[in-house]
Novice: 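Would you mind keeping the following structure in view while I ask a few things?
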Amino acid sequence: MLTYIIRRLLLAIPTLLFISLAIFLLLDLAPGDPLSQMPLTIPPEVKEKIRIALGLGEPMWVRYLLWLRQFFINEPLHIIANMTGWDIASGAQRVISWQTRSPVADIIAQRLPQTLWVVGMSYLVGVLIALPIGIVSAYRQYSLFDQVGTFVSMVGFSVPTFFTGVLMIVVFSVQLGWFPSIYDTTLRVHDWGSFMQQVRQMVMPVAVLSLYNAAQISRFMRASMLDNLNQDYVRTARAKGLTENVVVLVHVLRNSLIPVVTVIALGVPTIFGGAIITEQVFKVNGLGQLLITAIYANDLPMVQTLAFIFAILIVLFNLVADVVYGVLDPRIRYD
Amino acid sequence: MTTDALDRPAAAVAAAARSATLVVVEDLALHFPVYQGLLRRQVGSVRAVDGLTFDIRRGETLGLVGESGCGKSTTGRALLRLYKPTGGRIAFDGRDIATLEGEALRAMRPRMQMIFQDPQASLNPRMTVGAIVEEPLIEHGVLRQAGRRERVRELLDAVGLNPEYVNRYPHEFSGGQRQRIGIARALALDPDFIVCDEPIAALDVSIQAQVVNLLQDLQRKLGLTYLFISHDLSMVRYIATRVAVMYLGRMMELAEVHDLFRAPKHPYTRALLSAVPVPDPKVEATRQRILLKGDIPSPVNPPSGCRFRTRCPWAAEVCAKEEPEWRTLADGRKVACHFAE
Amino acid sequence: MKAFRSLLIGTVAAAAFATNAYAARGTDGEVKIIYWQAPSILTPYLSGGTKDVEASSLILEPLMRYDEKGNLVPFLTQEIPTVANGGVSQDLKTITYKLKPDIKWSDGSAFTADDVVFTWQYCADPAGGCAQLAKFEGVENVEAVDAHTVKITFKEPKPNPYLPFNGAQSPIIQKAQFEKCRGANASSCTDANFGPIGTGPFRVTSFRPNDVVTLEANPNYRDPDKPAFATVTLKGGGDAAAAGRAVLETGEFDYAWNLQLAPDVLSKMAAAGKGKPIAAFGSLVERLEMNMTDPDPALGEERSTAKHPHPILSDLNVRKALSMAIDRQLLVDVGYGQAGRPTCNLVPAPELYASPNTDCIKQDVEGAKKLLDEAGWKPGPDGVRVKDGRRFHLLYQTSVNAVRQDFQALIKQWWADVGVEAELKTVDASVFFGGDAGSPDTFQKFYADVEMYANNFDGTDPEAYLAEHTCSKAPRPETQWQGENINRFCNADYDKLVAELGKTADLEKRGEIGRKLNEMLTKESYVVVPLVDRGRVSAHSNTLGGVVLNTWDSELWNTADWFRVK
């Protein structure tokens, strides 16, 4: 297993390098200009000077190599320097955002908490809701519960979050006034009152996103349970005289969870990707909103770095999913 | 049943020969509802098993044969109460289990077990062999941990598997070995009665004999009673004491194995047997195959009167009107045909 | 000082002013502002974005600001320098500001002429990529005569010498803080860029780029009673509808910037009664630009260049007819509601420069048809006019934007009514305005017959804006397609008049020339066909007082005077 993991990690290096080049080329060749957001009142000569100040005067391959160096050498050096206090990173140019003229990594680090809180929490809530729903739906296939579950899943699946989000705001913020429509990223939880405030502002974005996540995962869970419920070994388990709880929750569930856990693991990178639409709707301003504003502003270093971090996470969690599969299913062996 | 199944010592099984009959089935019926349409209304039912009456004697092997889809497996599963019968009575060792539910039914489980057709699918892929065999012991609270381990090793040994294999997973074994695991698992709780649902159908021919011999050995040693479901007539002839023939959810004929193979009474039995090759070149040369015309009718909407009449070479007017009685002939054989004698 | 006071008295409701006059600094708690575009950086010198300029205007101040009418108001200076009071030299080459003596930076240090000089040096550094370089164009030198006197010398006479250091785009930054951030180091000064020390009413407590800025009252602000608010939260992100909702419907925020919303949406929100939308007009005009050159692809490199006049649009009467066919009031109603009004002027404000021309407001379909008939364009068999075997077919492009697409559809219909066939094209805004010389779809290349967009000018003086239409400013291959004379209008009289404006200091005279230039482009030539004077709509809650919407400076220009209505 260890050799397998090491082999996969080594293989990931050329893959990721290729991905980084592909992202870079795509972004660079795409039409657009980092200065297009600036008012027309700024004269073209000034814009040209700004372009040069941003490093756009260099040829493409120089900029790519520079980015590689900044991302793979300078940024880690800064991280080490920050942690140890050694002076090894001075003068090493970090990846700088064109929009804010500040290190990309710092902004990402600043954005990560609210994204993990909101999107991560909604993923967790989604999974926690989805599993029991999927189990019961499959066990009582075609029952009223299953029918309602199917309907809700379809709604969660097909109704876009920008609709459910705005709907929730109109109902719960505008009409009822229960929850704030705008997320306060500066809120610090230090006592019961601020904790409740945090909970209140998280309710709507988490609900919207977890509805979507739960819809997806509960369908997977249901299908996987149905696959397993009709297997002979389930009949065997019943013939053994096991209680129904043991049959369903031990034999069927544990086998059904294998593909579902894989799907859940593969979905983890999307947490870090943030939820672009939901973050915009509720003004959570996490990584998703960061990415979309960077795209609008043609902030290439930011988009490139974010997209590449997502690529790393996806490659990593693919490996995690494979390893988890191997651990859960004794039939799979990586040697 | 006065003794509790949970703490009944294994040796007492043989001693408790209160009655020569272990299982009595009366008018057993099992219908599966069929739903259709937008609102999933019940539009009919599949009459998989429709009025079976027979018994299984203590210590015998009752062969149950018939074409695919005739309800053999359903019958086996209904006997073990893996399905809830729609009607009829199943008396197991004098106790009606057809309507038992929940804990009372679970308490009966140790006494009746099943061996499945597909040894791969019937074993939980995520459990080791040891865990598979041990689980019923845990669940029914038999023995302590050390005792259970020992029992698992004994069982594996008894079915001819290396006891060192307890920590392996089912996929690491061959088909025959897996079926042995299935048998060891079925034996774990010292059952009286085992339903063998086509236990050798999925195995190579060379392995089939080994498994059948194992089943026979175990029967002799442990005094087991088998319901041996198979479509392989020659294997049934080899292992069974008596043979029952099913067609479209009903029983056509039931007789001692020699009687049945020598002189089948029911036209369907005759047709079935005519398809079996005989290991005697002279007889084989003269063997005449009786080819049945048509297909098996749908069990949702079976023919009136005798179910076999649509394909029967003897069919007459009466067959469409009256359902033939399940009668006992002079020599004790049972048959459901207006004309058989 | 006099001007400052008259401003306050003139614009703030008397009652509101009275309640505010007794308020002390920081007694009104928190004010929450929402910008649906989040600020990325807090100095306007590294970003030209409106959101960044306006956010930094809470902290940084220029020497003088423009008020809501476009008049200069001294903030850090004692008075407005003019030729009359000797602040501007007779030859129009120098201007001297006398700084208020007791201004302090928010860190407590003294604000001096050195800071003003440094601000110029910072922006003028060629390696810095300063976004406001245009403000300092023509500046030869900035020197500190004494600690509180700054003298700016221009290379040439500047009839409008107020560009540097005035208005929200060129505020004064602190020398001590930014000294190490000049040139190529500008990007490494994250702390300074995210938390500049200013002289304004507030100072930064925390800044999350593209998300939220929190500020507190500047303890060293020059007026000891101001600002009334102790803290400011400026949240960014989302969309205009959400921002409007937060102020007008839920009341979570006090002020929402630039609510570009459909008129009916906005009025529905306002009906909730938590706040009110306010509108003000500046110089932003949505217009059609007529291409004076031939964009035919067959011309290759010489496409859309002065070498080939436009085959259809070179005729004045044709351009005029296209303008007459348009119902501008309907465009306003459909697209902007409260935030727009029909206009015939390229320079709709300030009053001094706005021509009284309203000829175009009334739609005249019959007149348009008659003009086209006279120009030789006769209706063809399918209703589209034909002349010399050429169909009256126009390619009409604009950027992707819901309102612009509505406008395109309406105008296409009106033109069809007079026998003109329009083919519509839309280009993503980042490409259209991107200025990429390699792209065929930029508004500068103008590979179309007609295009529509909006533009305005900075500050209150349209001189540079009007000068954009001189012959030499036409985008062409030799300039890498850069240049502001989008429609390639070229008229020697116009160029001469622009040069004259550049030498005129007298305001009345400047206004006269400006109006004439404006009319030469619009009602006399119809190369620019103005459609809608686009105002700004923002909204404030009923409990926020002192708001004066200003399109000539930052919307947050007078936050020091904002207060909580009790």
Side-chain angles (χ1 to χ4, degrees), chain A residues 1 137-151 154 221 224-262 323-335, chain B residues 5-6 35 39-40 73 76-77 80-83 101-103 105-129 131-142 167-172 178 181-182 185-186 188-189 191 194-195 197 202:
Chain A
M1 187 73 110
S137 290
Y139 189 66
R140 304 215 180 284
Q141 196 186 5
Y142 302 131
S143 66
L144 184 67
F145 183 93
D146 185 28
Q147 310 279 13
V148 172
T150 305
F151 177 75
M154 285 304 146
M221 189 69 228
S224 178
M225 282 289 285
L226 283 178
D227 270 353
N228 278 282
L229 272 171
N230 295 324
Q231 294 281 322
D232 278 354
Y233 74 82
V234 179
R235 202 174 290 126
T236 310
R238 292 218 173 93
K240 279 175 177 176
L242 306 180
T243 57
E244 204 55 22
N245 278 343
V246 176
V247 171
V248 175
L249 295 181
V250 177
H251 284 255
V252 181
L253 181 58
R254 281 171 64 181
N255 278 289
S256 309
L257 275 178
I258 296 173
V260 177
V261 165
T262 314
V323 170
V324 166
Y325 209 117
V327 170
L328 291 178
D329 191 338
R331 285 170 293 184
I332 312 278
R333 279 280 164 267
Y334 304 114
D335 282 314
Chain B
L6 290 177
Y35 299 100
L39 299 171
R40 298 190 56 77
S73 292
R77 289 169 192 173
L80 293 187
R81 281 301 315 281
L82 292 175
Y83 295 142
E101 286 295 344
E103 200 50 33
L105 177 64
R106 209 169 74 81
M108 290 297 291
R109 293 265 182 235
R111 299 194 56 194
M112 34 190 216
Q113 282 296 323
M114 188 156 191
I115 297 167
F116 294 94
Q117 172 174 2
D118 184 346
Q120 162 88 57
S122 68
L123 301 174
N124 189 332
R126 285 190 51 202
M127 292 170 77
T128 61
V129 170
I132 289 170
V133 178
E134 191 182 358
E135 194 183 24
L137 299 175
I138 300 171
E139 198 64 22
H140 291 279
V142 185
N167 288 326
R168 297 205 178 177
Y169 286 93
H171 69 272
E172 296 172 75
R178 276 184 217 146
I181 298 167
R185 193 221 83 233
L189 289 167
I194 296 181
V195 173
D197 187 0

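Computation of the quantities below employed the complete heavy-atom set of this structure, encompassing side-chain atoms and omitting hydrogens, waters and symmetry-equivalent molecules. Residue numbers begin at 1 in each chain, while the letters A, B, ... track the order of the sequences.
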Novice: On a heavy-atom basis, which atom in A/Arg238 and which in B/Leu82 lie closest, and how many Å separate them?
Specialist: CB-CD2, 3.9 Å

Novice: Report yes if some heavy atom in the side chain of A/Arg254 is under 4.5 Å from a heavy atom in the side chain of B/Met127; otherwise report no.
Specialist: no

Novice: By a 4.5 Å heavy-atom criterion (distance strictly below it), what part of B/Leu123 contacts chain A: side chain, backbone, both, or neither?
Specialist: backbone

Novice: Does any heavy atom of chain A fall under 4.5 Å from the side chain of B/Arg81, the backbone, both, or neither of them?
Specialist: neither

Novice: At a heavy-atom distance under 4.5 Å, which candidate from B/Met112, B/Gln120, B/Arg126, B/Glu103 has the highest pair count against chain A?
Specialist: B/Arg126

Novice: Test salt bridge (Lys or Arg N to Asp or Glu O under 4.0 Å) on A/Lys240 and B/Glu135 and set out the steps.
Specialist: CA-CA 8 Å; A/Lys240 279 175 177 176; B/Glu135 194 183 24; 3.0 Å; yes

Novice: Can you tell which part of B/Ile132 gets under 4.5 Å to a heavy atom of chain A, answering side chain, backbone, both or neither?
Specialist: both

Novice: Begin from the C-alpha positions of B/Asn124 and A/Thr236 and carry the test side-chain contact (heavy atoms from CB on, under 4.5 Å) through to its verdict.
Specialist: CA-CA 9 Å; B/Asn124 189 332; A/Thr236 310; over 6 Å; no

Novice: Side chain, backbone, both or neither: which part of A/Val246 has a heavy atom under 4.5 Å from chain B?
Specialist: side chain

Novice: With respect to chain A, which residue among B/Pro136, B/Pro170, B/Pro125 yields the maximal number of heavy-atom pairs within a distance under 4.5 Å?
Specialist: B/Pro125

Novice: Does any heavy atom of chain B fall under 4.5 Å from the side chain of A/Ile258, the backbone, both, or neither of them?
Specialist: side chain

Novice: Output the option from A/Asp329, A/Val234, A/Leu328 having the highest count of non-hydrogen pairs under 4.5 Å with chain B.
Specialist: A/Leu328

Novice: Determine whether a donor-acceptor pair (N or O, by modelled atom type, separation under 3.5 Å) exists between the side chain of A/Gln231 and the backbone of B/Ser122.
Specialist: no

Novice: Tell me which of these, B/Glu172, B/Arg109, B/Gln117, has more heavy-atom pairs under 4.5 Å with chain A than the rest.
Specialist: B/Arg109

